[in-house]
Amino acid sequence: MGESSEDIDQMFSTLLGEMDLLTQSLGVDTLPPPDPKPPRAEFNYSVGFKDLNESLNALEDQDLDALMADLVADISEAEQRTIQAQKESSQNQHHSASLQASNFSGAAPLDYGTNVAAIGISQYKEDLPPPPADPVLDLPLPPPPPDPVSQEEKEAQAKADKIKLALEKLKEAKVKKLVVKVHMNDNSTKSLMVDERQLARDVLDNLFEKTHCDCNVNWCLYEIYPELQIERFFEDHENVVEVLSDWTRDTENKVLFLEKEEKYAVFKNPQNFYLDNRGKKESKETSEKMNAKNKESLLEESFCGTSVIVPELEGALYLKEDGKKSWKRRYFLLRASGIYYVPKGKTKTSRDLACFIQFENVNIYYGTQHKMKYKAPTDYCFVLKHPQIQKESQYIKYLCCDDARTLNQWVMGIRIAKYGKTLYDNYQRAMAKAGLASRWTNLGTVNAAAPAQPAQLSTGPKTGTPQPNGQMPQAAHSVSAVLQEAQTHAETWKDKKPALGNHPQPGTPRAPQAPKSSLPPPPPMRRSSDTGGSPATTPKAKGTGGGGFLAPPIDFLPPPPPPPPMDDLELPPPPPDFMEPPPDFVPPPPPSCAGPAGSELPPPPPPPPALAPDSARPPPAVAKRPPMPPKRHENPAPPGGAGGGEQDFMSDLMKALQKKRGNVS
Amino acid sequence: MAGMKTASGDYIDSSWELQVFVGEEDPEAESVTLRVTGESHIGGVLLKIVEKINRKQDWSDHAIWWEQKRQWLLQTHWTLDKYGILADARLFFGPQHRPVILRLPNRRALRLRASFSQPLFQAVAAICRLLSIRHPEELSLLRAPEKKEKKKKDKEPEEEVYDLSKVVLAGGVAPALFRGMPAHFSDSAQTEACYHMLSRPQPPPDPLLLQRLPRPSSLSDKTQLHSRWLDSSRCLMQQGVKAGDVLWLRFKYYSFFDLDPKTDPVRLTQLYEQARWDLLLEEIDCTEEEMMVFAALQYHINKLSQSGEVGEPAGTDPGLDDLDAALSNLEVKLEGSAPTDVLDSLTTIPELKDHLRIFRPRKLTLKGYRQHWVVFKETTLSYYKNQDEAPGDPIQQLNLKGCEVVPDVNVSGQKFCIKLLVPSPEGMSEIYLRCQDLTPRILEAHQNVAQLSLAEAQLRFIQAWQSLPDFGISYVMVRFKGSRKDEILGIANNRLIRIDLAVGDVVKTWRFSNMRQWNVNWDIRQVAIEFDEHINVAFSCVSASCRIVHEYIGGYIFLSTRERARGEELDEDLFLQLTGGHEAF
């Protein structure tokens, strides 16, 4: 930990800088609330981290008090200004937009703030009750209705009340937060503020915004246990803080942000997992031939029924014997209910199977270099353990496969058994994200302004319905719903049906083979369950997602993707749907005009994509970075140990304070 | 009109006499004789028959059945010539709907009137509409097994036969709900009872009876059932079914579309029952762990349905004693379920306290179980030296969140232990709790089911059933072309499976999605299937007619064309095209 006495100052100034931004920009006023919380959160959290608690207690220092006083003052000021700001907001739209943009690239807390704002919108409209934080956010709403004056005042009053209410609620809600140091694939790190309601998906979205990566579905948060030499990706629906809470204080574990092909491999080539005929390794060539349409129907069959189908998987694996470095070969079978093995002298019939492990309480990890570490027969190892176990233990199960293909099949099979449909939902969301992102960049700036607000909207629901158990937030539905609508479902099917009917009699060709097969958007999901829009129709992010689409991405674009010519006229129709998707990936949403589907939109910025979003974006990023001394990233994170990703922002501050005092004295 | 005579009484037109029996194929039945010509329309003939009988009665359901041709004369505008009817035709003027006794998936018997003249597909659809089961295309009828009927009749006490034969449904529209059930069930106490029988799980069967029921001991035993399916494209009459016969109603195609606990109480319940009997009679195998899940769910479902707590969410059962409450609370906590958390904070948190004996296995320790005062609240288990010290600091406190709870119960040995595996960074610590008399109710708690509503629990049961690897496979014994031994063909909703008869191993799987076409050669009773890449498969059917295999394949393909947008409307023609054969026409 190389904190110097400057750190504290830097952090201070960053913090204050953020506060300033807050007070200036409309959408941001929300920020204050989150800030006051950290301290409380800390107490909450202290259960798991005694050291922290101690350091807190030790910090009765004036420094801290002063800091807090400042914060609080700023907050209340912000509150008051909000109302005024609201009025001005409609005029200042562009201004605030850029401000916000910079916020985005800058401090994590700010992001949080804007998210919250987003929630407000959706809540306001939909009347969502639970999330306390929201009401505040109504702010963004105001911009649109600039006309009626008297009404506006009323609204403003109402909003002010709501804000107060929200602030109170926020104070009540003890939201736990951590500053997480995320290792990027270029060896740099970024520190993020993650609150306890955020899912891995939210954090990824956050990182997308910060890194300008291509947002493809392979990106994931990845946890590494250097000591155990195991690693795994966070599932997108997992609650990040919860996972990190299992780490010990002195942990060397790390969180990475990187691309992993394996993450959603099953959705890109389901045949490799579902049609791999046992025993016979005929396969690669035949299986990879599968066309997009068949993949789609295979996925639907496997994931969209009343219950998810777990790939049939069985075969001999090596099992590390408890506490020894010897490995035994055993015949294992995967079932939805767990992994089983065939006891000696028994057959494979269900009744004879012995249960090896069930998945409820364990996570699955890849083992790295276990050949060396544990004398494993190969390096294709996977590990099952309770997430809380952090040290070597007889309760960790080590298994070893003959080859990489088998390993991938087992790991994916176990994830499907453990997470079921959620996995598919996650994928669809990731696809929607990736698709929108690439569309966004393709279309360039067409209406930079318009989508802005939607962007916020989308994040709203996510954070808006925090679910303690890490369930998928509802937002997924809406996104997919959009996509779904986009596809001309029914029509496609009508076309198809006749095709079938035309070949009556015994020798009826299989329906899917019908000539219509070349229809572009194959109804991705016949059942079009409420949950599922199919990702198939969303344009693929570059090079990701199961290929196999014949036509150029544009053809698949669900309706919304407005071709350049689109202007006000076009916007209105898709509003509700359209608004949601773009948001996700849109980085710094100029909050302004977004509102009501461009009712007010001046003709969209010159269609000739001046890359408005891009241009808008980079500057802030650049601008913001400076204030954020790179050191800050490093400092906060390491509090615990080198890699300790979890730390509260405030506790970092305290650390730094302590350090400083130490130095001085 | 036919029957023009000269003064001497000779007929001068081409008319002739046609005898028609009145009733259901009873040779002793009364008959009427009509004078007709080849030009007479069936409609006119019907009219004459009714005139001749000269009895006040509603004849609207009656039609003429031609015995030799095994055919109904339903086209009233057709002439006798067109049908090819001559004077020697044996015709019966009888009702098209006749009573049958249905054996439902829940094994209860129900009398109702089924259509004997429509293709079975339609007849089943009508039955399902009466019973309030959506998606009738997934069900069909089987002949009851013949064996031992006589013996049993002597022995067994009369079982209750529910009766819906008097209930008439207005055609077309889905029945409206009245007092929480489709209106036609609310007519009388009997029909209401019938609805409850249909929509609520049955109590567990008598274990003794259960033991006596036959179980398949091999794959070939499992093929027996499938030889009894009736043909969907022909009517009951054509298939030799008589009024009063017993038929089984079962889910035939294991592809359950749009299963919705809220709108499908009867369908869900009957499906649950079918799944349950499937498991009880070992038609499908599962592991011990899976059995525990089924047992826990079944236990829970029984409890709910017996307490009359239908429809409402569980957990508010006043009958729950504090143990149950605490256990279920534990479940909630372990699951971390959101909505109930809110409730919990509003109500007092149940606490469970008792003297338990605790054992913590350690190396080099000979200590056994020691008695402690144990308090279990929220997710925390605290234990004290004795009850008096309870308000003070406990000896130890364990947070059970995320821990594994393994019941270790041996009733005959009076051993009721709970093994807790409490996770920590270093691994798991094991703790054994030994209770004086904790009953195996732990089982229920064990599986996180205590909070489920009846419908949710049933759905969960069905899902667990669907997750079994062998789920939804219908077995038929076949002989592959070029092979010298019989083998098993498994038919599932997405694939055909070739299975070794003796060992039970899967030899080969073909998916419907790769199927180009299939043909049935009715003469040599052979099914030939072509898959992509010029893979051809042909087999003759041994245990069932090849029509049954043909219908299974066509049926599954039909089911895969369903989609939500079309709602419940069925493309019956398509179904019949896919499942019918030359034989049928």
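To find a chain, count down the sequence lines: A is the first, B the second, and so on, and within it residues start at 1.
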Enquirer: Over all heavy atoms of both residues, which pair between B/Ser467 and A/Ser307 is shortest? Give the atoms and the distance, please.
Expert: OG-OG, 3.9 Å
Enquirer: Please enumerate all residues that pass side-chain contact (heavy atoms from CB on, under 4.5 Å) together with B/Asp260, with sequence neighbours excluded.
Expert: B/Arg134, B/Lys262, B/Thr263, B/Asp264
Enquirer: Select, from A/Ser393, A/Pro387, A/Ser350, the one with the greatest count of heavy-atom pairs under 4.5 Å involving chain B.
Expert: A/Ser350
Enquirer: Looking only at side-chain N and O atoms, does A/Thr306 offer a donor or acceptor that is under 3.5 Å from a partner on B/Gln463?
Expert: no
Enquirer: Flag the pair B/Thr287 / A/Arg335 as yes when at least one side-chain heavy-atom distance between them is below 4.5 Å, and no otherwise.
Expert: yes
Enquirer: Supply the atom-to-atom distance A/Thr349 OG1 to B/Asp470 CG, rounded to the nearest 0.5 angstrom.
Expert: 10.0 Å
Enquirer: Can you tell me which portion of B/Ile284 sits under 4.5 Å from chain A's heavy atoms? Options are side chain, backbone, both or neither.
Expert: neither
Enquirer: Between B/Arg495 and A/Glu301, does at least one N-O distance fall below 4.0 Å, as a salt bridge requires?
Expert: no
Enquirer: Is A/Gln394 close to chain B through its backbone or its side chain, or both, or neither, when contacts mean heavy atoms under 4.5 Å?
Expert: neither
Enquirer: Only counting residues at least two apart or in another chain, list the ones meeting side-chain contact (heavy atoms from CB on, under 4.5 Å) with A/Glu227.
Expert: A/Lys391
Enquirer: The test is side chain to side chain donor-acceptor pair (under 3.5 Å); show your working for A/Ser337 and B/Glu289 and say whether it passes.
Expert: CA-CA 8 Å; A/Ser337 58; B/Glu289 287 71 20; over 6 Å; no
Enquirer: First locate atom OG of B/Ser513, then atom CG of A/Leu275, and finally report the distance between them rounded to the nearest 0.5 Å.
Expert: 7.0 Å
Enquirer: I need the residue from B/Glu426, B/Glu530, B/Glu290 with the largest number of non-hydrogen atom pairs under 4.5 Å to chain A.
Expert: B/Glu290
Enquirer: Is there a donor in the side chain of B/Glu430 and an acceptor in the side chain of A/Tyr395, or the other way round, less than 3.5 Å apart?
Expert: yes
Enquirer: Side chains of A/Leu298 and B/Arg511, heavy atoms from C-beta outward: is any pair under 4.5 Å?
Expert: yes
Enquirer: Which answer fits B/Asp573, side chain, backbone, both or neither, if we ask what part of it has an atom under 4.5 Å from a heavy atom of chain A?
Expert: neither
Enquirer: Side-chain contact, heavy-atom cut-off 4.5 Å: B/Leu421 with A/His386?
Expert: no
Enquirer: Between CD of B/Glu288 and CZ of A/Arg351, what distance do you get to the nearest 0.5 Å?
Expert: 12.0 Å
Enquirer: Which region of B/Glu282, side chain (C-beta onward) or backbone (N, CA, C, O), has a non-hydrogen atom less than 4.5 Å from a non-hydrogen atom of chain A, or is it both or neither?
Expert: side chain
